[in-house]
Structure formats: structure tokens, C-alpha cells
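Since this is a predicted model, take the numbers as computed values, not measurements. Every heavy atom of this structure was used, including side-chain atoms; hydrogens, water molecules and symmetry mates were not. Every chain is numbered from 1 and lettered A, B, ... according to where its sequence line falls, protein lines coming before strand lines.
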Amino acid sequence: MKFSNQLTVWYLHNKRDLPWRATKNPYYIWLSEIILQQTRVDQGMAYYFKFVEQFPSIFDLAAASEETVLKLWQGLGYYSRARNLHFSAKYVVNELQGEFPSKYKELLNLKGVGDYTASAIASICFNEPTAVVDGNVYRVLSRYFGIDTPINSSNGIKEFKQLAQALINTKIPGTHNQAVMEFGATVCKPQNADCNNCPLNNSCVALSKSIIKTLPVKEKKLKIRKRYFNYLVIKTKNKTTQLVKREKGIWLNMYQFPLVETDKPINQQELIEHSTFNELVDFNTVTIKLHTKSVKPHKLSHQHIYTKFWIIETPNSLKFRHSWSDIKKYPVPVLIDNFLNEFNYN
DNA sequence: GATTCGTGGAT
DNA sequence: TATCCAAGAAT
């Protein structure tokens with residue numbers, strides 16, 4: 001209880017003034033928690049405001065199209081969050097009469113809500129004593145108690161959840177949970193932990209052993225896949241182009257130009273021999289220009305995508321019906337959006 | 001249980 | 001430049 005009390009006192013004096021801390025409305029807490037999954041407060045803040053403004057209630061969110069939701073989510077990444085958010089909004093409205101689930105176990109039934117998010121909503125909104133375990137909690141607990149169990153091992157996940165649950169203040173679980181996370185985010189940081197100003201620096205195991213920098217322990221390194229994209233940017237006299245919806249993998253249900261993907265970089269000759277190219281246009285009647293001067297990888301967490309944008313002018317206007325002036329209405333990945341911002345169609 | 005889902009800031 | 005990794009979840 002000492003651990004919780006000290007952090008809670010610290011929290012009440014040092015917490016940041018964040019918009020979602022002014023409410024206990026489960027819809028808003030849910031929204032903020034989804035936005036903040038694997039995302040820094042600084043990055044997610046603008047999106048929280050956008051969503052609250054455009055969808056003031058869960059009914060508004062449920063009534064929107066997935067495309068609208070994805071468009072608003074554009075740029076934030078991990079787009080399954082947006083698709084699941086929208087799906088779950090419809091579920092709550094249509095199956096639960098708009099009444100948001102109020103128990104940890106029920107919250108887990110929502111797509112996109114796992115152990116962390118269910119615990120956060122249940123504790124903050126409904127005072128249920130379920131401990132959150134996010135990246136901050138792993139770090140704080142591993143250091144304070146000197147635990148070197150890998151946080152991404154199945155044993156580590158169990159061990160830290162159990163410990164966090166044992167530490168929770170059942171009177172004020174929501175405040176307790178947020179206190180540990182806020183402390184991890186602003187004091188017990190990944191790098192340059194501010195141990196001099198730490199309210200727990202007289203009882204921290206890792207500090208006493210000078211092993212702060214070795215904790216938490218994480219096993220395995222992720223492998224980066226290299227991919228080579230060639231986007232076919234159709235240009236016509238009627239200022240139209242062609243967009244296609246992605247149907248699997250990354251950026252699911254978002255839009256892009258017709259894609260030729262290869263396992264290594266290709267030149268124009270290799271491009272026009274590709275079936276995707278020939279199904280789209282007749283190479284005898286088009287002019288092709290390589291827009292991309294130097295190919296820099298678009299770096300994702302698990303892949304580096306090397307992309308060439310090919311500008312293809314065709315006399316055939318009828319086949320391509322996406323007006324260029326409407327192109328900003330479609331949800332697109334940052335890779336495409338960056339191109340749209342630098343490319344002059346005229 | 002390992003992999004795959006984005007993007008951008010910090011170092 | 002390379003690496004880490006952020007209020008994780010689904011497959």
C-alpha cells in the first residue's frame with residue numbers, strides 16, 4: 001500500500017492536465033484509450049479532439065461509415081484500431097442499446113479492447129479494481145522491484161499482471177492505475193529516468209543496484225521485411241486517376257494507386273512487362289515518367305517499403321473515374337499522402 | 001507463442 | 001544513421 005500511496009500523492013500534485021481526465025464518460029475514456037495504444041500523448045491529442053468534435057456520442061460514431069472513420073484516423077497508424085473502434089461502436093449501439101459495458105469481463109468482448117484497455121475503462125469509469133499493465137507499468141514495476149523477467153515472455157506477462165493486481169488500491173483503482181502510468185511516462189522514463197526527483201528513490205531496487213538502464217528486460221528482436229512498391233499514378237486529360245482499396249495486410253481498407261510489388265527494385269522496362277501494368281494501360285499509347293528522384297524507405301515497425309511513383313499519362317480518360325480534385329477525400333496511408341502533397345498534377 | 005499490425009519523437 | 005519504443009490487440 002505504501003507503493004500506491006506514494007505514487008498517488010505524487011500523481012495528484014504532478015499529473016498533466018489532459019482532456020480525457022476531465023470526464024468519466026466511458027465513451028470518451030474508451031476513445032482516448034484506443035487512440036493512446038502504442039501512441040504518445042503528443043501524437044494522439046489532436047486526434048482525440050477531432051473525434052470528440054465529429055462524433056460527440058457513440059451514436060454519432062456508429063452512424064458514420066468506416067471510410068469516414070478511417071479518414072479521420074489517417075496519419076495515426078495501426079488502422080485496425082479505427083476499424084475496430086467503429087465496429088464496436090455499432091455493436092454497443094445495435095446490440096446493447098447504446099449502453100456501454102461497465103464490467104472488465106464485458107469490456108473484453110469489444111473488438112480492439114484487450115486486457116489493458118478493459119482494465120483502464122473498468123477502473124477509471126466504474127471503479128472496478130483491475131490493474132492496468134502497459135509499457136509504463138512494466139518499466140516501473142521491473143525497476144522498483146528489480147524484476148528481470150522478460151516483459152514480453154508469457155511468464156513475464158503473467159508475473160507483472162499479478163504483481164500489478166496485488167499492488168492496486170481498491171478504493172481508488174482508476175487514480176492508482178493512472179498514477180503508475182503517469183509516473184512511468186514522465187519520471188521513470190525509458191531513457192534518462194529522473195531518479196533524482198523520484199518519490200520512490202529511497203526504496204527502488206534497481207536504483208540501489210544501479211541497474212536502472214538494464215530494466216525492463218525484453219527478449220527477441222524484430223525482423224524487418226524489405227518490400228518494393230511501384231505505384232501507377234494515372235493521369236488523364238480529364239484530370240482523373242485510378243485508386244484501389246487495399247484488401248489485405250497493412251493499411252486494410254485504405255486507398256492507394258494501382259500497385260506493382262516486386263521482391264527487388266525494378267526499372268521502367270521491367271515495369272511495363274508486368275501484368276498489372278498491362279491490364280491497366282496499353283504501353284504503346286502512354287507516356288511514363290518516374291516521379292521519385294531518390295527512393296527512401298517508408299519505415300514501418302516491421303517493414304521498410306521502397307517506393308517508386310510512376311506517372312502514366314494516358315489518352316484514355318473514360319476508364320479512370322476518380323477525379324483528382326476528390327482525391328483528398330479518401331483515407332490513404334502516410335506514404336500516399338506525402339506523395340499527394342508534393343506532386344503537382346498539372 | 002511468434003508475428004503483424006504505423007507513425008514519429010528521442011537519442 | 002540506427003535503434004528504441006510509445007496508455008496493445010489480433011491472429
Trainee: Tell me, please, the opening and closing nucleotides of DNA chain C, 5' to 3', among those with an atom under 4.0 angstrom from a non-hydrogen atom of chain A.
Mentor: C:dC5 to C:dA10
Trainee: Determine, using ring centers only, whether A:W73 and A:Y78 are less than 6.0 Å apart.
Mentor: no
Trainee: How long is the straight-line distance from CD1 of A:I121 back to CD of A:E128, given to the nearest 0.5 Å?
Mentor: 11.5 Å
Trainee: Pick the nucleotide of DNA chain C nearest each of A:N84 and A:R139; which residue has the one closer to the 5' end?
Mentor: A:R139
Trainee: When you check every protein heavy atom under 4.0 Å of nucleotides 5-11 of chain B, what one-letter string (B, S, -) results, 5' to 3'?
Mentor: BBBBB-S
Trainee: Within the structure shown, what part of the strands sits under 4.0 Å from A:N177 by heavy-atom distance: base, sugar-phosphate, or nothing?
Mentor: nothing
Trainee: Report the residue (A:L110 or A:L36) whose heavy-atom-nearest nucleotide on DNA chain C is the more 5′ of the two.
Mentor: A:L36
Trainee: Indicate, with a heavy-atom threshold strictly under 4.0 Å, whether A:V113 touches base, sugar-phosphate, or nothing.
Mentor: sugar-phosphate
Trainee: Could you check whether A:S153 gets within reach of a base, just the sugar-phosphate, or nothing at all, counting any heavy atom under 4.0 Å?
Mentor: nothing
Trainee: Provide the distance between the two P atoms, one in C:dA7 and one in B:dT3, to the nearest whole Å.
Mentor: 24 Å
Trainee: Just distance, no hydrogens or angles: give the donor-acceptor pairs under 3.5 Å from side chains in residues 288-304 of chain A, sequence neighbours left out.
Mentor:
{"residue": "A:T292", "atom": "OG1", "partner": "A:F309", "partner atom": "N", "Å": "2.8"}
{"residue": "A:Q303", "atom": "OE1", "partner": "A:R227", "partner atom": "NH1", "Å": "2.7"}

Trainee: Per the ring-ring contact (aromatic ring centres under 6.0 Å, His included) rule, which among A:Y48, A:W30, A:Y28 passes with A:W20?
Mentor: A:Y48
Trainee: Mark yes when over 12 heavy atoms from residues, nucleotides or ligands other than A:E99 sit less than 6.0 Å from its CD; otherwise mark no.
Mentor: no
Trainee: Regarding A:W20, tell me which of base, sugar-phosphate or nothing describes its non-hydrogen contacts under 4.0 Å with the strands shown.
Mentor: base
Trainee: Please round to the nearest 0.5 Å and tell me the distance separating atom CD1 of A:I327 and atom NE2 of A:H322.
Mentor: 8.5 Å
Trainee: Begin from the C-alpha positions of A:K226 and A:D263 and carry the test salt bridge (Lys or Arg N to Asp or Glu O under 4.0 Å) through to its verdict.
Mentor: CA-CA 8 Å; A:K226 288 186 178 180; A:D263 55 8; over 6 Å; no
Trainee: Quantified in whole Å, what is the C1' atom distance between nucleotide C:dT11 and nucleotide B:dG1?
Mentor: 11 Å
Trainee: For a quick check of understanding: with a heavy-atom distance under 4.0 Å over all strands, which category does A:L18 fall into, base, sugar-phosphate or nothing?
Mentor: base
Trainee: Can you confirm whether or not the ring centre of A:F339 sits under 6.0 Å from the ring centre of A:Y231?
Mentor: no
Trainee: Figure out the CZ/P separation between A:R246 and B:dT4, and round it to whole Å.
Mentor: 14 Å
Trainee: Would A:E182 and A:R16 pass as an ion pair if we require N to O under 4.0 Å?
Mentor: yes
